[in-house]
Amino acid sequence: VIRALALYLRSRSAPATLATMLGCAVGLWALGVAVDDPWTRIRLALLATALAIAAIAPGLAGADADLERIPGFAWPPRRAAHLVIAGGVAFGLMAATALTVDPVSATARVARDATGLTGLVGLGAAVLGASRAPLLPLIWTAIAIGVPTTDRPAYKVVVTWMMQPTANGGATLTAVVVGATGLLAYALAGPRR
Amino acid sequence: MTARILRIELRRSSALWGALVVAVVGGLQMAPLVTLFGPAHLWHPLVTGQRTFMIFFSALALGAGAWQARRDRSNRMEELLATTPRSRLSRAVPVALALALAMVAAYAMILAAMVAVNRPPLDAYFPVGAVPVIAIGALLLVALAWLGLGIGRQAPWRLVAPVLVVAGTVGMVVVSDAMFRAAGSPDASGAFLLGPTLPNPVARPIAYAAVGARTNLGQALWLAGLAATGLALFAATTRRARILALVPAVLGAAVAVPILPARLADTYVADRRASALVCTADAPTVCVERVESTALDDWRGPGRQAISVLAAKLPSAPDRVEVYMWVAPDVTAYPEDDPPTEASPGACPSTVCPRGTRPSDTLVFEFGFRGREAPPVPSHLRVWHLLTGAGVGMCVDMVFRAGAYSDGYLAARYAAAAWLMGQPLPSDLISFGGPDVGRLAEELRRTLSSLPADEQRDRVAALRQAELSCAPGDRAALLRGQP
């Protein structure tokens with residue numbers, strides 16, 4: 001089983017994904033030391049989280065989709081597990097960084113952002129294919145960091161959910177809905193070819 | 001031939017998709033921000049605002065370039081293409097040109113979205129200096145896209161495009177953060193202008209500022225070098241070529257830094273066309289600043305009414321009205337032109353009279369406050385504002401007494417206007433000062449109108465004379481007849 005798992009991880013370029021996530025964590029830590037402005041720190045933490053999650057994308061599809069259909073696996077739970085574990089690792093790394101001496105971002109914020117962004121990358125893989133999957137989380141993040149953050153009307157909260165304060169229930173709800181939708185879409189449909 | 005290839009690249013490559021992403025994200029970001037940049041009729045804050053806030057979307061151009069550069073690898077064409085005898089450059093240029101065209105279009109579309117949200121009037125003053133500011137923004141997008149091509153070609157991995165988008169945004173946010181923090185000090189280095197953002201104008205009102213020629217030239221050279229490095233990296237196949245590719249960027253920076261202004265504070269120069277006066281063709285002349293020329297029609301009637309009221313009621317009246325919406329009595333438009341000098345005895349000191357003299361033949365109405373634009377003046381109050389203080393602007397050192405508004409001074413000025421108009425003050429005229437100003441002014445007006453007509457005229461004329469020279473003394477007492 002260990003051997004099969006190791007082979008699976010290699011076929012899904014897990015080392016590159018993990019290296020990118022580690023790079024994000026180290027980079028965020030360094031920026032957390034260098035940058036004081038609280039507003040900028042929130043933006044930087046969000047950007048680092050977004051990249052760590054986007055790095056999951058290449059691993060969401062194997063090299064040969066037909067080959068992977070040959071064994072009689074039940075893929076949906078495995079795909080779901082892949083996405084959840086990868087998102088969890090990214091969250092763990094970013095949260096650990098965020099908890100260093102001077103927190104760059106609150107853990108609750110990182111958790112919310114990681115949930116929604118992981119769903120987006122899964123949705124991206126299901127709709128656009130694994131190689132284009134980073135587009136969804138990155139574009140949404142790019143919009144959210146540049147648009148002024150307000151707490152009404154509702155559609156603006158949905159658009160800028162990543163930049164909202166953690167106390168904003170609408171933003172958390174958006175993250176959970178996006179996360180669940182993406183997870184279901186990827187688990188059931190698989191990566192688009 | 002090249003044109004045909006270019007057309008095919010535009011159709012088949014990801015250039016247009018990349019530009020679409022840049023345009024949509026940039027447009028969504030800028031459209032809600034645009035009202036913060038400045039009043040709708042000012043072009044210059046609009047175009048510099050786009051430059052400042054492009055840090056949040058321009059890194060997408062880096063990603064778009066890196067994405068496009070991976071095309072050969074993802075289609076497994078690299079080995080096949082390496083066997084062709086034609087140079088890499090001949091394949092690189094059409095791709096790069098297509099991407100550049102798409103990025104210029106994206107920048108223009110974002111500007112168009114901003115204009116659509118905050119539509120400047122068609123006859124508003126368009127400063128020629130806005131054109132290079134727009135062009136350099138587009139050039140920055142092209143330089144980033146080409147840099148993305150170069151990096152994506154040399155590092156053709158799937159994660160490079162997302163990494164570039166995030167790292168590029170982080171880099172630009174951090175650099176602009178550092179720039180804005182440094183901009184507070186007058187000695188901040190002009191080398192910050194190699195970064196993507198422009199500082200805010202501090203030395204003069206935003207409407208009178210224009211990005212200086214040295215700023216534009218330095219930035220254009222640096223970005224051209226950066227773009228050339230990107231293109232050279234995209235075409236490079238050998239280690240030597242890769243190292244040589246870095247030369248243009250280094251050279252660009254080395255040439256740009258001495259050209260850029262030495263101090264960040266000198267990023268902007270005065271736009272003298274913007275602050276020059278535009279006047280009515282026929283007498284009596286009414287003038288406004290050119291940036292506010294669309295307001296000339298609003299002020300023509302009230303200006304002439306003020307002149308005729310003054311001429312009818314006072315012995316000496318002005319025959320010309322100048323309305324300034326961007327200079328306050330306490331702000332000089334060009335500090336570098338009017339260095340404060342030691343006032344000679346009897347002269348109006350420059351801190352009190354920025355214009356040096358307060359001419360009696362011109363009604364100068366300065367309505368800006370510390371270099372900010374005046375709030376809109378309701379049409380029925382325009383003539384009242386012009387006649388406040390018997391047609392003379394405030395003396396700054398008299399408005400404030402011990403850190404508070406001097407209510408008596410303000411009330412005397414309003415009472416003079418009420419006497420000139422022959423009506424009680426409109427209730428919505430008084431916008432600053434203490435709560436008693438209106439009551440005090442009405443009291444003064446009643447005191448005044450109980451006097452013989454000649455005495456009334458003499459006292460208001462005396463107030464006008466005192467205001468013209470900013471003579472010390474209690475203006476309310478002057479109207480009451482107490483020496």
Side-chain angles (χ1 to χ4, degrees), chain A residues 13 16-21 23-24 27-28 30-31 34-61 121 124 128-150 156 159-160 163, chain B residues 14 17-18 20-36 49-50 52-64 66-67 70-71 73-76 110 155 157-181:
Chain A
S13 61
T17 300
L18 200 61
T20 310
M21 287 180 183
C24 288
L28 180 60
L31 288 166
V35 178
D36 293 329
D37 180 44
W39 226 175
T40 309
R41 286 166 75 95
I42 288 178
R43 288 207 165 96
L44 294 179
L46 172 59
L47 283 165
T49 311
L51 180 55
I53 302 285
I56 299 172
L60 292 180
V121 83
L128 302 170
S131 63
R132 288 178 191 170
L135 278 173
L136 238 47
L138 287 187
I139 289 177
W140 201 328
T141 308
I143 293 171
I145 59 167
V147 172
T149 310
T150 52
K156 284 192 177 163
V159 169
T160 61
M163 290 297 291
Chain B
S14 66
W17 288 105
L20 187 69
V21 169
V22 172
V24 168
V25 173
L28 282 174
Q29 288 179 355
M30 304 302 269
L33 285 175
V34 65
T35 48
L36 305 178
Q50 188 182 8
T52 293
F53 282 90
M54 71 187 287
I55 58 169
F56 292 123
F57 65 81
S58 53
L60 290 167
L62 266 175
W67 184 282
R70 241 182 65 79
R71 178 174 61 173
R73 164 73 67 102
S74 55
N75 293 329
R76 303 194 177 138
I110 296 168
W157 307 307
R158 275 192 289 187
L159 279 175
V160 166
V163 167
L164 281 181
V165 171
V166 170
T169 308
V170 167
M172 283 190 268
V173 167
V174 169
V175 168
S176 88
D177 212 43
M179 190 278 283
F180 278 113
R181 235 171 322 127

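By convention in this document, chain letters (A, B, ...) are assigned in the order of the sequence lines, proteins followed by strands, and residues within each chain are numbered from 1.
Contact of A:P134 with chain B is made through the side chain alone, with heavy-atom distances under 4.5 Å. For A:S131, the parts lying under 4.5 angstrom from a heavy atom of chain B are both the backbone and the side chain. Interface remark: A:L138 contributes side-chain atoms only to the contact with chain B (heavy atom separation under 4.5 Å). Both the backbone and the side chain of B:V170 have a heavy atom closer than 4.5 Å to some heavy atom of chain A. For A:I145, the parts sitting under 4.5 Å from any heavy atom of chain B are the backbone and the side chain alike. At a 4.5 Å heavy-atom cutoff, the contact between B:V25 and chain A is made by backbone and side-chain atoms alike. Interface residue A:A142: backbone and side-chain heavy atoms are both found under 4.5 Å from chain B. Heavy atoms closer than 4.5 Å to chain B are found in both the backbone and the side chain of A:R132. Contact of B:W157 with chain A is not made at all, since no heavy-atom distance falls under 4.5 Å. Residue B:L36 does not touch chain A at all, counting heavy-atom pairs closer than 4.5 Å.
With chain A as partner, the option from B:I55, B:V165, B:V163, B:V24 having the largest number of non-hydrogen pairs under 4.5 angstrom is B:V163.
Once rounded to the nearest 0.5 Å, the distance linking CG of B:L28 with OG1 of A:T160 reads 12.0 Å. Atoms CZ and CG, from B:F180 and A:D37 in turn, are 11.5 Å apart once rounded to the nearest 0.5 Å. How far CG of B:D177 is from CZ of A:R43: 9.5 Å, rounded to the nearest 0.5 Å.
Of all non-hydrogen atoms in A:V147 and B:P32, the two that sit nearest each other are CG1-CG, 4.4 Å. The two atoms that bring B:L33 and A:G146 nearest to each other are CD1-O, 3.9 Å, heavy atoms only. Looking at every heavy atom in both residues, B:L159 comes nearest to A:A55 through CD2-CA, 3.6 Å.
Of the residues A:L44, A:L51, A:T49, the one that meets the side-chain contact (heavy atoms from CB on, under 4.5 Å) test with B:V166 is A:L51.
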